[in-house]
Protein chains: 2
Amino acid sequence: MIEARPKTRSNNRREKIFDAAAVLFVEKGFSSTSIRDIAKATDMLPGSLYYHFSSKEDLLTAVFEEGVKRISESVDTALANASQDPWERLQAASEAHLSALLDGSNYAQVVVRILPSDVPGAEETLVLLRDEYESRFISLFNDLPIASDIDRSVQRLMLIGAMNHVPVWFRKGRDTPAGLAHKFISTLRYAQIGAEMTYDLPSGVKA
Amino acid sequence: MIEARPKTRSNNRREKIFDAAAVLFVEKGFSSTSIRDIAKATDMLPGSLYYHFSSKEDLLTAVFEEGVKRISESVDTALANASQDPWERLQAASEAHLSALLDGSNYAQVVVRILPSDVPGAEETLVLLRDEYESRFISLFNDLPIASDIDRSVQRLMLIGAMNHVPVWFRKGRDTPAGLAHKFISTLRYAQIGAEMTYDLPSGVKA
DNA sequence: TTAATAAGCAAACGTTTGTTTGGTTATCGG
DNA sequence: CCGATAACCAAACAAACGTTTGCTTATTAA
């Protein structure tokens, strides 16, 4: 008695289409990826894809949303399991962020690689989705016990810029999400300690 | 006696074409920018542009090269005028890098916003150009007097990622290249001091 | 078994794309 | 003034694009 029967009819290729789209959008960008590219990757015909979405921009938006969902869940889960220490929480979130970016599915990478301005019809939607996700890091930085004259926004944007650049140079075997998160956060953390302990340095170094 | 006479016949629209292309490539991406877009921005006909370059990819490559040239010259000039102190030199280079990115011409931004994978026919060329430029930062980080157990590559890539992300959130009036360069480099520098001075911190913080 | 519908095929639509071709105008050295 | 050529126009090309339409197949509930 064979059991591998689809329970519902919608156990179809929708997922495979989204997966292929995520990979192609990240590899070649949104505009350079054609519907025919996605069709070829899923062994379907171009027109058939439109049963599952109503436009190419809708497809991108759906994949983008899935990317935000996955990276958000990754971070939220990490935070739920993290300690109360603000620095440890930031590091846990960063590791989760990097892990989602590098998990091989490319969903999360869509969020950081596809510029909203590349998708004119969905620009505001994509920006809103990204901002909602990144608000987590605003909170995390607000909780840090750092000197009042330190610019938390710049620190946050520095970290986000650094993390979102990682997929460009990441090499499996050499780097790991946990190792990189540790190095990034250590840099920010030690910078606070160094700033507190330092009262005279060559000109141009003080805050 | 009117002097504003063109000295040579090639005082033409080549420059205007390149300028418009740089702006459009950054604003909408390479693939989403059509030859007709550039023609419209320069008050020319699409076919006329081909007198000045032989293909759209060639145009992008030329603009990219000009971007690399400008940001390189910006950094090289800053380094020539900088002191001998390794940290001050890194900060001067970073300020020059950011200044070039934000100078309004969009040439330098092409270098950090256009992914080589978006231009299949010129991918290797673009990567080589970018790597040659970034080699300056490899040298700058090699010259830093930091602990031997610190990963200079990660520090460098962290800085480059942070800097190249700046155009996304930069706001004139609020931020300045000099101010941001100072904050970025201070973070890296204080981190070294903090690491040296710290011997016991909560778990997960040590190098 | 049958009616309903989910899922996809086959083929084409009109548009936009990068690019080419042949002719036109303006500027220049001689 | 004239031949040369730099610079551009006008018009079209084939290919690729996103998308639509009508039809077929497979699965399900009754």
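Just so it is clear, the model here is predicted, and its values are computed rather than measured.
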Within the side chain of [X], is there an N or O that forms a donor-acceptor pair under 3.5 Å with the backbone of [Y]?
X       : Y       : answer
B:Ser48 : B:Met44 : no
A:Arg36 : A:Pro46 : no
B:Asp85 : B:Glu88 : yes

A:Lys56 to A:Phe30, cation-pi by 6.0 Å centre distance and 45° axis angle: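 A:Lys56 over A:Phe30 ring: yes.
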
Stacked cation flag B:Arg70 on B:Tyr107, 6.0 angstrom / 45 deg: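 Output yes; distance and angle both within limits.
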
Within the 6.0 Å centroid threshold, strictly below: A:Tyr133 and A:His97: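 They qualify: ring centres under 6.0 Å apart.
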
Of the listed nucleotides C:dT19, D:dG18, C:dC9, the one nearest the side chain of A:Leu45: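 Nearest nucleotide to the side chain: C:dC9.
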
In this structure, how many angstroms lie between the [atom2] atom of [N] and the [atom1] atom of [X], rounded?
X       : N      : atom1 : atom2 : answer
A:Lys40 : D:dA16 : NZ    : C1'   : 12 Å
A:Ile38 : D:dC17 : CD1   : C1'   : 13 Å
A:Glu15 : C:dA7  : CD    : P     : 13 Å
A:Leu49 : C:dA10 : CG    : P     : 14 Å
B:Glu57 : C:dT19 : CD    : P     : 8 Å
B:Met44 : D:dA11 : CE    : P     : 17 Å
B:Phe53 : D:dC8  : CZ    : P     : 12 Å
B:Asp58 : C:dT19 : CG    : C1'   : 13 Å

Is the shortest side-chain N/O distance from [X] to OP1 or OP2 of [N] below 4.0 Å?
X       : N     : value
B:Arg13 : D:dA7 : no
A:Tyr51 : C:dA7 : yes
A:His52 : C:dA6 : no

Residues in salt bridge (charged side-chain N to carboxylate O under 4.0 Å, His left out) contact with A:Lys28, at least two apart in sequence or another chain: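 With neighbours one apart ignored, the set is A:Asp37.
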
N-O pairing of B:Arg136 and B:Asp76 below 4.0 Å: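 Salt bridge flag = yes for B:Asp76 with B:Arg136.
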
B:Lys183/A:Asp151 salt bridge by N-O under 4.0 Å criterion: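 Salt bridge: yes.
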
Close residues, residues 25-36 of chain A, relative to DNA chain D [heavy-atom separation under 4.0 Å]: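 Those residues are A:Thr33, A:Ser34, A:Ile35, A:Arg36.
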
DNA chain D: 5'-proximal contact among A:Ser48 and A:Asp37 (nearest heavy atom):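 Comparing both residues, the 5'-ward one is A:Asp37.
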
Proximity to DNA chain C (any heavy atom under 4.0 Å), residues of residues 116-125 of chain B only: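 Of all residues in residues 116-125 of chain B, none places a heavy atom under 4.0 Å from DNA chain C.
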
